[in-house]
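For reference, the structure discussed in these notes is given below.
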Amino acid sequence: MGRSWRNFFRRGKEEEAQPPVATEEREAPAAGPEEEPSGGWFGRLRQGLRRSRESVVGQLNAAVAEFRDADDEEFWERVEEILIASDVGVPTTAKLVQQLEQEALERNITGAGELRRLLIEHAARMLEGPVEIDLSHRPTVILMVGVNGTGKTTTIGKLARHLPARKVMFAAGDTFRAAAIEQLQKWGERVGAPVIARERGADAAAVAHDAVEAAKREGVDVLIVDTAGRLHTKINLMAELEKVRRVIGRQLPGAPHEVLLTVDATTGQNGLRQAKMFKDVAGVTGVVLTKLDGTAKGGIALAIADEVGLPIKLVSVGEGVEDLHPFDARQFAEALFGEL
Amino acid sequence: MFDTLSERLNTALEGVRGSGTLTEEQVKKVTREIRLALLEADVNYGVVKEFVGRVRERATGAEVSKALSPGQQVVKIVHEELANLMGGSAHKLSYASRPPTVVMLAGLNGHGKTTAAGKLALFVRKQGKNPFLVACDTYRPAAVDQLKQIGRELGVPVYDEGTEAPPEEIAERGVKAARDGGYDFVIVDTAGRQVVDTEMMEELKRVRKACRPHSVLLVLDVVTGQTAVEVAQAFQEYADFDGMILTKLDGDARGGAALSVVSVTGRPVRFASEGEKMGEFDYFYPDRMAGRILGMGDVLTLIEKAEAQMDRREAEAQSKKLMAGKLTFEDFLQQMQMIKKMGPLSGILGMLPGIGQQLKDVQIDDRMLNRVEAMITSMTPQERRNPKLLQNPSRVRRIARGSGTSPQDVQRLVRQFNEMQKMMRQMGKGGGMPRIPKMPFGMR
């Protein structure tokens with residue numbers, strides 16, 4: 001579902017050789033699965049997902065075990081059900097099952113294991129996209145957007161811990177929700193990032209403006225701008241977001257360099273609408289799938305990748321800082337459909 | 001993305017009108033469409049299966065009436081079944097015979113517990129209660145601050161001990177503090193948690209034991225997908241909740257999760273929480289939710305909202321004028337002000353069946369209403385009563401200057417007003433509702 005942080009950030013040339021700063025203060029990044037296949041975060045993730053895996057994978061196992069040949073209508077119906085139960089959604093499920101059925105027929109697949117591999121392969125292919133985050137700009141501006149309660153502020157805190165940058169700065173652009181500024185400030189203290197803020201109720205674009213100016217002045221490497229959670233249906237709030245984006249771009253041409261949309265993994269088909277609207281208005285460049293530590297299967301990621309064409313860049317599989325990971329399509333597909 | 005279920009069913013059942021009973025083949029088509037619609041609304045697939053079976057039974061051999069199209073008729077059956085499943089009428093809150101009434105909120109991270117706590121406090125205060133909040137979310141940074149800020153804004157006291165003490169102890173002392181202070185309604189806010197985190201779920205159990213709530217409410221985000229069932233089952237096991245607060249209903253999620261949870265746990269949705277303003281909170285009405293899940297719009301709510309704002313006789317007089325094509329800008333202004341009182345325009349239009357779908361990709365800007373209002377208030381009383389005067393360019397220029405708009409804007413308003421008059425006259429003559437040619441006043 002995730003991979004190691006190595007090579008996740010693209011950096012400027014002069015910096016390539018330098019080690020991440022202040023590593024000793026940080027928790028060691030969790031070992032990637034390639035080093036520690038049974039334990040580490042992958043193991044925790046599997047454990048975390050056990051409840052949902054028990055039901056979904058259990059059914060999948062049962063279904064696959066009964067698989068005889070690709071002509072079996074009932075079998076494909078069960079696969080469909082399993083995908084839908086993972087929040088993949090009807091259109092993407094139909095597409096995936098059709099692809100699978102066709103290939104299974106063509107290649108005359110009869111083995112259960114082979115079929116599972118095929119399923120994982122197709123899902124992974126659908127999910128593949130540009131994952132890296134480009135940090136070669138000085139400062140690099142990352143804008144966090146999303147609906148309420150999807151974990152924007154938390155993601156900012158976690159992401160900052162992993163940034164191989166000397167100077168990180170936060171902008172408290174959520175001037176709406178009670179105590180949102182304080183929440184970001186607490187993260188700022190934890191990770192040693194100064195927080196540019198105004199009072200609650202201030203214009204978010206003004207905060208963004210201040211922050212970009214401060215970041216330029218103080219030679220900050222990465223500026224992460226938090227924004228208030230907003231439902232994608234609220235036109236005024238979406239217009240405000242557009243303005244924040246515009247103001248950042250005016251202060252620093254080419255910025256924001258990344259616009260990350262947080263999507264709660266428990267989200268159903270409305271996640272598609274969220275992704276579409278935020279992509280249109282805020283120019284989202286990638287998705288952070290959060291709260292994948294619950295029962296959620298996060299199948300909405302497949303639908304978003306397929307129907308909206310946005311790459312998933314990061315996944316959050318727990319509450320700890322070490323639980324944020326660069327997205328790995330193959331592992332995600334395996335976690336969804338792999339054997340227990 | 002999706003059509004309304006009724007449109008889909010009508011397509012599936014084309015030509016069936018008035019032909020006696022539905023055949024097996026037709027019922028099969030119907031159940032397929034219902035299944036898809038419910039899945040797209042995020043109803044759990046297991047629940048869908050069961051539900052569709054029930055509808056199939058009722059639809060097979062159902063008389064096709066002459067009044068309704070077969071599609072409509074099946075929709076009616078589905079709607080009834082859905083509303084029944086969700087518990088018929090609203091489930092009101094009951095208060096403890098010996099106060100204080102203690103209500104504990106629980107739920108996943110980010111589903112809106114803290115905001116709901118504030119809204120519930122305001123809601124019960126309006127009912128004459130004296131609410132008191134207890135901050136037990138010691139995990140999320142600044143969660144305690146958030147509740148304290150909300151409490152300050154509402155003027156509701158908040159009990160907190162920072163983030164060091166165990167939540168169950170805070171809960172116990174909080175309830176005691178409320179009792180000692182003479183408050184009669186205590187709301188205990190807890191941390192968001194993932195149901196797979198057994199430690200956290202055990203903690204919830206302890207908090208529940210410590211504060212001995214009369215009611216435990218599961219706070220559930222309306223966007224929740226298929227996982228809602230497992231989430232609800234876990235919270236039932238550890239917190240034994242007796243009802244739900246459904247949050248973020250002002251978005252465009254269809255909210256099938258609500259149906260899943262109710263049908264699996266048997267616990268009703270008690271409250272509907274809409275927007276970010278503290279007042280946007282009310283009892284939950286299952287029949288309305290049924291319509292939302294089916295994409296049928298929320299006619300009942302709209303009717304109620306309109307009724308609350310409109311003087312009936314006034315309305316009748318206006319609609320007569322409207323149909324006769326004798327509407328003036330004065331009437332128009334009045335109607336607009338009434339509409340504005342009903343809430344955001346996007347919300348109102350979304351409640352209209354059919355329209356909600358037609359407008360699903362339309363951007364509706366409430367400021368547009370303000371602009372139109374500015375233009376009309378910049379007209380003289382004569383101009384408002386007699387729009388023909390507005391063919392005079394110098395009048396148009398003056399109105400544009402007065403309202404901060406351009407002469408083109410004013411001309412467009414006048415033109416569209418005239419077009420609307422024409423359309424209404426047609427309707428008044430019994431020409432039926434024409435398809436709206438284009439949205440007036442800058443809605444794109």
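Source: prediction; values computed, not measured. Order of the sequence lines fixes the chain letters, A, B, ..., with proteins taken first and strands second; residue numbering starts at 1 for each chain. Heavy atoms only: backbone and side chains are in, while hydrogens, waters and symmetry mates are out.
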Looking at A/Lys186, A/Arg190, A/Met238, which has the largest count of heavy-atom pairs under 4.5 Å with chain B?
A/Lys186
Under the ring pair (Phe, Tyr, Trp, His ring centres under 6.0 Å) rule, collect the residues that match up with B/Phe281, sequence neighbours excluded.
B/Phe123, B/Phe271
Show, in sequence, the C-alpha distance, side-chain angles and deciding distance for A/Glu240 and A/Arg230, and conclude whether the salt bridge (Lys or Arg N to Asp or Glu O under 4.0 Å) test is met.
CA-CA 10 Å; A/Glu240 180 197 84; A/Arg230 65 200 76 221; 2.8 Å; yes
Tell me, side chain or backbone of A/Asp264 under 4.5 Å from chain B's heavy atoms, or both, or neither?
side chain
Would you please test B/Lys49 and A/Glu81 for salt bridge (Lys or Arg N to Asp or Glu O under 4.0 Å) and show each step?
CA-CA 10 Å; B/Lys49 236 182 185 173; A/Glu81 263 175 22; 3.2 Å; yes
Please classify the contact of B/Lys148 with chain A as side chain, backbone, both or neither, using a heavy-atom distance under 4.5 Å.
neither
Report the residue from B/Gln236, B/His111, B/Met244 that forms a side chain to side chain contact (heavy atoms under 4.5 Å, CB included) with B/Leu218.
B/Met244
The interface call for A/Gln185 against chain B, heavy-atom contacts under 4.5 Å, is neither
Which answer fits B/Asp42, side chain, backbone, both or neither, if we ask what part of it has an atom under 4.5 Å from a heavy atom of chain A?
side chain
Contact origin within B/Leu108 toward chain A - heavy atom pairs under 4.5 Å:
side chain
Please flag which part of B/Asp252 lies under 4.5 Å from any non-hydrogen atom of chain A: side chain, backbone, both or neither.
both
Counting heavy-atom pairs under 4.5 Å with chain B, which one of A/Gln274, A/His232, A/Gln183, A/Lys234 comes out on top?
A/Gln183
Leading residue by heavy atom contact count with chain A [cutoff under 4.5 Å; candidates B/Asn109, B/Val222, B/Ile150]:
B/Asn109
Under 4.0 Å between a Lys/Arg side-chain N and an Asp/Glu carboxylate O for B/Arg193 and B/Glu203?
yes
Go through the atoms of A/Thr150 and report whether side chain, backbone, both or neither lie under 4.5 Å from a heavy atom of chain B.
neither
Most contacts with chain A, counted as non-hydrogen pairs under 4.5 angstrom, among B/Val231, B/Asn44, B/Asp250
B/Asp250
Are B/Asp221 and B/Lys248 within salt-bridge range, i.e. N to O under 4.0 Å?
yes
Looking at B/Gln226 and A/Gly268, would you say the former's side chain and the latter's main chain have a donor-acceptor pair under 3.5 Å?
no
Of the backbone (N, CA, C, O) and the side chain (C-beta and beyond), which part of B/Arg140 lies under 4.5 Å from a heavy atom of chain A, both, or neither?
side chain
Pair A/Lys297 + A/Asp87: basic N to acidic O under 4.0 Å
no
